[in-house]
A.B. asks: 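Handing you this structure, nothing more for now.
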Amino acid sequence: MSLDQRSIILARISAAVACNALAALRLAITEGTNAGLSKAEIQEIISLAKDIQQQPISHVTHLTDQVLREPKKKAHEHSAHCGCGGHHA
């Protein structure tokens, strides 16, 4: 999948807002206006990014850890009734 130039600029604006990277935001807004994005479109993407940014970073960290966590399997406890034969080892 390839993104068009407009989508790339909007992503740069959003990322700059999310990271509070003012120099990158200035550059991305300038690039956007030069590419024909309207002020309303730029303000809309900034508003959306700011709304998302309102989530505390601890929530982001928790969600990332939760999604990427490997399912933990309980250690198998051998017994005379487990059927694996490991209790004879």
Side-chain angles (χ1 to χ4, degrees):
M1 174 175 75
S2 178
L3 294 175
D4 63 307
Q5 190 62 26
R6 176 185 165 88
S7 297
I8 292 170
I9 293 169
L10 292 173
R12 284 184 184 156
I13 292 171
S14 180
V17 170
C19 296
N20 203 25
L22 300 182
L25 179 59
R26 178 183 298 275
L27 180 62
I29 289 172
T30 301
E31 187 178 357
T33 56
N34 291 341
L37 293 175
S38 70
K39 289 181 181 182
E41 290 174 310
I42 292 171
Q43 289 172 335
E44 183 179 0
I45 195 66
I46 289 172
S47 178
L48 288 169
K50 286 169 57 177
D51 286 345
I52 293 168
Q53 187 186 36
Q54 296 302 312
Q55 294 297 320
I57 194 69
S58 62
H59 292 178
V60 172
T61 302
H62 175 73
L63 176 64
T64 303
D65 290 346
Q66 184 180 30
V67 171
L68 297 177
R69 184 179 313 137
E70 291 290 325
K72 292 185 179 180
K73 294 181 181 179
K74 285 189 169 184
H76 178 73
E77 293 187 24
H78 300 289
S79 70
H81 306 289
C82 70
C84 74
H87 58 278
H88 292 290

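Positions are given from 1, in the same order as the sequence printed here.
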A.B. asks: Ser47 side chain to Gln43 main-chain N or O, any donor-acceptor pair under 3.5 Å?
C.D. replies: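 Judged by distance alone, no pair lies under 3.5 Å.
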A.B. asks: So do the side chains of Glu41 and Arg6 get within less than 4.5 Å of each other, counting heavy atoms only?
C.D. replies: yes
A.B. asks: For residues Glu44 and Lys39, determine if any side-chain heavy atom of one lies less than 4.5 Å from a side-chain heavy atom of the other.
C.D. replies: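 They are not in contact (no side-chain heavy atoms under 4.5 Å apart), so the answer is no.
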A.B. asks: Run the side-chain contact (heavy atoms from CB on, under 4.5 Å) test on Ile46 and Lys50 for me, step by step, so that the C-alpha distance in whole Å, both residues' side-chain angles and the decisive distance to 0.1 Å come before the verdict.
C.D. replies: CA-CA 6 Å; Ile46 289 172; Lys50 286 169 57 177; 3.7 Å; yes
A.B. asks: Quick one: are Thr33 and Leu37 in side-chain contact, heavy atoms under 4.5 Å?
C.D. replies: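 When only atoms from C-beta onward are counted, Leu37 and Thr33 do not touch, as no gap falls below 4.5 Å.
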A.B. asks: Measure the CD1-CD1 distance between Ile29 and Ile45 for me, rounded to the nearest 0.5 Å.
C.D. replies: 11.5 Å
A.B. asks: Quick one: does any side-chain atom of Thr30 pair with a main-chain N or O of Arg26 as donor and acceptor, under 3.5 Å?
C.D. replies: yes
A.B. asks: Does one hydrophobic cluster hold both Ile13 and Leu27, with members joined at side-chain heavy-atom distances below 4.5 Å?
C.D. replies: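 Unlinked, Ile13 and Leu27 end up in two clusters.
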A.B. asks: In this structure, would Ile52 and Val17 fall into the same cluster of hydrophobic residues linked by side-chain contacts under 4.5 Å?
C.D. replies: no
A.B. asks: Show, in sequence, the C-alpha distance, side-chain angles and deciding distance for Asp4 and Ile8, and conclude whether the side-chain contact (heavy atoms from CB on, under 4.5 Å) test is met.
C.D. replies: CA-CA 6 Å; Asp4 63 307; Ile8 292 170; over 6 Å; no
A.B. asks: Can you see which heavy atom on Ala16 is nearest to which on Ala24, and at what distance?
C.D. replies: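 What the structure gives for the nearest pair is CB-C, 3.9 Å.
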